[in-house]
Each structure stands twice: as C-alpha cells, then as structure tokens.
**Q** 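One structure is given below, represented as structure tokens, and several questions about it will come after.
Chain letters run A, B, ... following the sequence lines, proteins first and then strands; every chain starts at 1. What you see below is based on every heavy atom in this structure, not just the backbone, and it leaves out hydrogens, waters and symmetry mates.
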Protein chains: 2
Amino acid sequence: MIASTAAELDSRRIEQKERIGLSHFVEEVGLMFEAVGLPRMAGRIFGWLLIANPPHQSMGDLVEVLQASKGSISTMTRLLIQISLIERVSLPGQRRDYFQIKPHAWSQLTQQRMTQITAFRQLAERGLNLLSDQPPQLRQRLQEMHDMHAFLEKEMPLLDQRWQQEQQRLTERLSTGQPHLTSSSELLPIPVSKSPRTETPEPKL
Amino acid sequence: MIASTAAELDSRRIEQKERIGLSHFVEEVGLMFEAVGLPRMAGRIFGWLLIANPPHQSMGDLVEVLQASKGSISTMTRLLIQISLIERVSLPGQRRDYFQIKPHAWSQLTQQRMTQITAFRQLAERGLNLLSDQPPQLRQRLQEMHDMHAFLEKEMPLLDQRWQQEQQRLTERLSTGQPHLTSSSELLPIPVSKSPRTETPEPKL
DNA sequence: CTGAATGTTCAGTACTTACTGAACAAGGTG
DNA sequence: CACCTTGTTCAGTAAGTACTGAACATTCAG
C-alpha cells in the first residue's frame, strides 16, 4: 500500500488543507470565548461542535480532535451545559453520550449579559445611596450609570424577542418542514440532572 | 490635642463608616470590571472616580486612596483613557494632571461590545465558507450564529441612539442650564495625544 | 545648577486559573 | 466474576497577567 493514485494524493491534500482551516476556526472561537470571559477550551469545544459532522460528538471525539485531556473535556462540557450553550444527547443502543450545540445557544449568551447589566444597575444604586446627601452635580455620574443600565434592562429582552421573530422568518425561508437538527434524527436530549451541586456549589471545602 | 469632643468622635465614626462603604463600592466595581475582561485595578480607579469629591482626582490621590503603586495607576489610567472611559484634565496654575469620568463613558463600553459582535459575525462567515459544500442542515448552526450577530450589529446602534435621546430627556428633568460637569468648572480636558505609539504599538521589541 | 514634585517604564513577583494526567467510580459484556 | 469502556474528580503544574517597586525622565522652584 505504498503507491497511491494522483487522485488520492490530491484528495488527501485537500483534506489536509480543510483540516487546517477547520482547526484555525476552532482556535479562533476559543480566543473569542476568552474575550468574553470563558475558558479557551470551552470555546474550542463549542467551535468544533459548530462545524463537526455529524453535529453530535462524543467525549472521545473531542479528546482526539482537540488534543486535550479527558479531564479538561469533562470539566468544560459540564460548564457549557451549565450555561446552556450545549446539551448532552444519547443515541439508542449506544453506551456513550454525545454533545451538540443547543438551539438558541446565542440567546443564552445575551442572557448572561443581562445578568451583568443588572449587577451594574444595582451597583449604581448602591453608589447613589452612598452619595445620598451630596448635591445632584456629584450624583450625576452615578445617575447616568443607573439610567443607562435600567434602560438596557428594559430594552434587551424586547430586542431578543424581536430576534426570535426575525429568526423564525429567516429559517422559514428554505428549510420548511425540518424545523430542527434534533428532531431530524433519533437523538434524544438528556435533561440536565438537578444534582445538589447545582444549588450548593461547594459541598466540602 | 488628646481630648476630643463627643461630637468630633461621632463625626469621625461616621466618616469611618462612610469610608468603608465607599471602599466596598470601589472594590465591587473592580470585580465587575474583571467580569467584563478588564483589569481589576482599572475598575477600582473608575469606581473611585464615580464617587470621588471632587470628581477629578490626581494620580497622587488615586495612589493614596486605592493603596496601589504609582506604576499600576499610571498604566491603568492610560488604559482607561485609551478606551475612552476617563479623560485627563488640567487645572490652570496646577502642575499635576487630574483624571475624571468621561461623559458617555458607558456608551463606550457598548461600543467595545459592538467590536466583539462584529468579530463573531465574521467568524461565522469564515465557518460558513469552510462548510460551503455541505448540506444546509449542517450549515444551520453557523447560519444562526451569523444571523444573530448581523441582527445585533444592525440593532445595537439604533438602541444606543435611542438611549442618547432618553438620556437627554432624563437629564433635562432637573439640571437645566448646567449641561455638564466639565463646563461647570474651569477644568480643561486634555486631548488624547496622538503619539506614534497609538498607531505603531511596538517600536522596539 | 540643585533639589523637589510629578509621571513613566520596566524587570521581577505573586497570584490566579486553565489544563494535564492519574487515580478512581460506574456500568456493561463476555 | 474479571475486564473493558466511558466518564468524573482532583492534586499538581504550567502559563499568563496584574501589580509592585525601583530606576529613569521631565518640569518647575529656589
């Protein structure tokens, strides 16, 4: 099996090139995740799940493709599931579990942002209390901080709502009839286990 | 000067209590800044400038209040100026410079967020190119990522615009006639120096 | 000019945190 | 039951980065 046809070699070169393109993509998603405060490896996993074929991948797949340790993959998939960016799915008759991008994953990130905005608004309120006996001139800085985030708190959900409508419009353009990946296969999403860990993060310090 | 009146002691206790409240506030702004990917010390500076009286503070003030090194303050104020969250001001007849919160600082943070959104949209496009010969089902994940961020790219500026209007409405409620902190005093903002460093970051590696 | 006040730069450190790898569960399968 | 496959947990490390402190500029005062 030493000799290969020209076609085979060519096909391999193309595959090679694509592999490089794909891993670059994965790496960049990793960097973007870091930019929004999430671990790079979580971004790599998410990036790979964005382009993987099939869209559901096992832990073993991820370990191999991303050249990372089992431990890291296990921890990071758990994180991604916890923030609802991916979900765990199982195939009938298969022992191992698979991971795939969760529908509306991106709205979930917006949700996280909302939490931050609320925190900023509350912080502004605390500041205004501290300066309660000061003249309005001095309080103006905090008032602006407060009003801005109160505004966003009101508007962001509306924006997200409008996005959901827009998206429905967009997806109905072409793929009428096959509404979603999950339902197009025999994949079953596994509900997130409400383990005690979720509510009480540190059982033993 | 060993004896003090009860009133003096009381006033000191109150001051002490307020100092604690203020430094808690400063610390929490620091934590929030970390949550959005900026150095904690930058957040502390910004936090202090939100509540300081007067609103403009010198490097020496910051070093003392925040118990940080001159080096750290210098570096972080530079960072904050670069991302337009604060500005450097000078007083006539005063040698040293002062820093204060820049008007519309918060819109600036939104601006930073826009950059990220654009990066995400471009990344989605790269992914779609990589999967250009794949069936729509597989491309759907990236298509959603793309559409979502394209949507936000379109809508966020409009939102910010509406915020500017809203803000004007809100500030006109009370403080009619004194539109802004800067103009209410003899403070002169110092324009950001367009040093070569800005365009070519690493002159000598 | 000398000295003081103000500000910058940068080498070294201290700290945080992601990641590895190995030991440990938990099922299935023969 | 022994054994393999799949997945989790955790101690230790590796790597990145914010921060310190000291040396170095710069400008003003006497």
**Q** Where each residue is assigned the nucleotide of DNA chain D containing its nearest heavy atom, which of Ser58(A) and Ala42(B) is assigned the position nearer the 5′ end?
**A**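 Nearer the 5' end of the strand: Ser58(A).
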**Q** Mind checking whether Trp106(A) and Phe120(B) have parallel, tilted or perpendicular rings, split at 30° and 60°?
**A**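 Perpendicular: the ring planes of Trp106(A) and Phe120(B) meet at over 60°.
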**Q** From C-beta outward on Arg44(A), which listed nucleotide comes closest to its side chain: dT8(C), dG7(D), dC19(C)?
**A** dC19(C)
**Q** In terms of side-chain heavy atoms, does Gln57(B) have a donor or acceptor partner in Gln100(B) at a distance below 3.5 Å?
**A**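 The criterion, which ignores hydrogens and geometry beyond distance, is not satisfied for Gln100(B) and Gln57(B).
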**Q** dG21(C) phosphate, OP1 or OP2: any side-chain N/O from Ser69(A) under 4.0 angstrom?
**A** no
**Q** Closest to the Thr75(B) side chain: dC19(C), dT9(C), dC19(D)?
**A** dT9(C)
**Q** CE of Met59(B) versus P of dT20(D): gap in Å, rounded?
**A** 12 Å
**Q** To the nearest 0.5 angstrom, please state how far the CD atom of Glu34(B) sits from the CZ atom of Arg44(B).
**A**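 Answer rounded to 0.5 Å: 8.0 Å.
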**Q** Rounding to a whole Å, what distance do you find between Ile45(B):CD1 and dA18(D):P?
**A**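 Interatomic distance, CD1 of Ile45(B) to P of dA18(D): 13 Å.
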**Q** Just by distance, with hydrogens left out, do Asp61(A) and Ser58(A) show a side-chain donor and acceptor under 3.5 Å apart?
**A**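 Present: a donor and an acceptor within the cut-off.
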**Q** Nearest to the side chain of Arg88(B), heavy atoms from C-beta on, is which of dT8(C), dG7(D), dC19(D)?
**A**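 Nucleotide nearest to Arg88(B)'s side chain: dT8(C).
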**Q** In whole Å, what is the span from the CD atom of Glu64(B) to the P atom of dG7(C)?
**A** 14 Å
**Q** From CD of Gln57(A) over to P of dT6(D), roughly how many Å is that when rounded to an integer?
**A** 15 Å
**Q** How many whole angstroms separate atom CG of Asp61(A) from atom C1' of dG7(D)?
**A**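 To the nearest whole Å, that distance equals 14 Å.
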**Q** Counting just side-chain N and O atoms, does Arg78(B) come under 4.0 Å of either OP1 or OP2 of dT9(C)?
**A**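 Answer is yes, contact under 4.0 Å.
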**Q** Could you tell me the separation between the CD1 atom of Ile73(A) and the P atom of dT8(D), rounded to a whole number of Å?
**A**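 Computing the Ile73(A):CD1 to dT8(D):P distance gives 11 Å.
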**Q** What is the separation between atom CG on Leu79(A) and atom P on dG7(D), rounded to the nearest whole Å?
**A** 18 Å
**Q** Choose from dG7(D), dT20(D), dC19(C) the nucleotide whose nearest atom is closest to any side-chain atom of Met41(B).
**A**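 Shortest atom-to-atom distance from the side chain points to dT20(D).
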**Q** Rounding to an integer number of Å, can you tell me how far Phe99(A) CZ sits from dG7(D) P?
**A** 7 Å
**Q** If the cut-off is 4.0 Å, is Ser74(B) near the phosphate of dG7(C), judged by side-chain N/O to OP1 or OP2?
**A** no
**Q** Give the nucleotide from the list dT20(D), dG7(C), dC19(C) with an atom nearest to the side chain of Lys70(B).
**A** dG7(C)
**Q** How long is the straight-line distance from CD1 of Ile101(A) back to CD1 of Ile51(A), given to the nearest 0.5 Å?
**A** 10.0 Å
**Q** Is the phosphate of dT6(D), meaning OP1 or OP2, less than 4.0 Å from a side-chain N or O of Arg96(A)?
**A**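 Yes, such a contact exists.
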**Q** By the 4.0 Å heavy-atom rule, please label Glu34(A) as base, sugar-phosphate, or nothing.
**A**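 Counting heavy atoms under 4.0 Å across all strands, no contact is made by Glu34(A).
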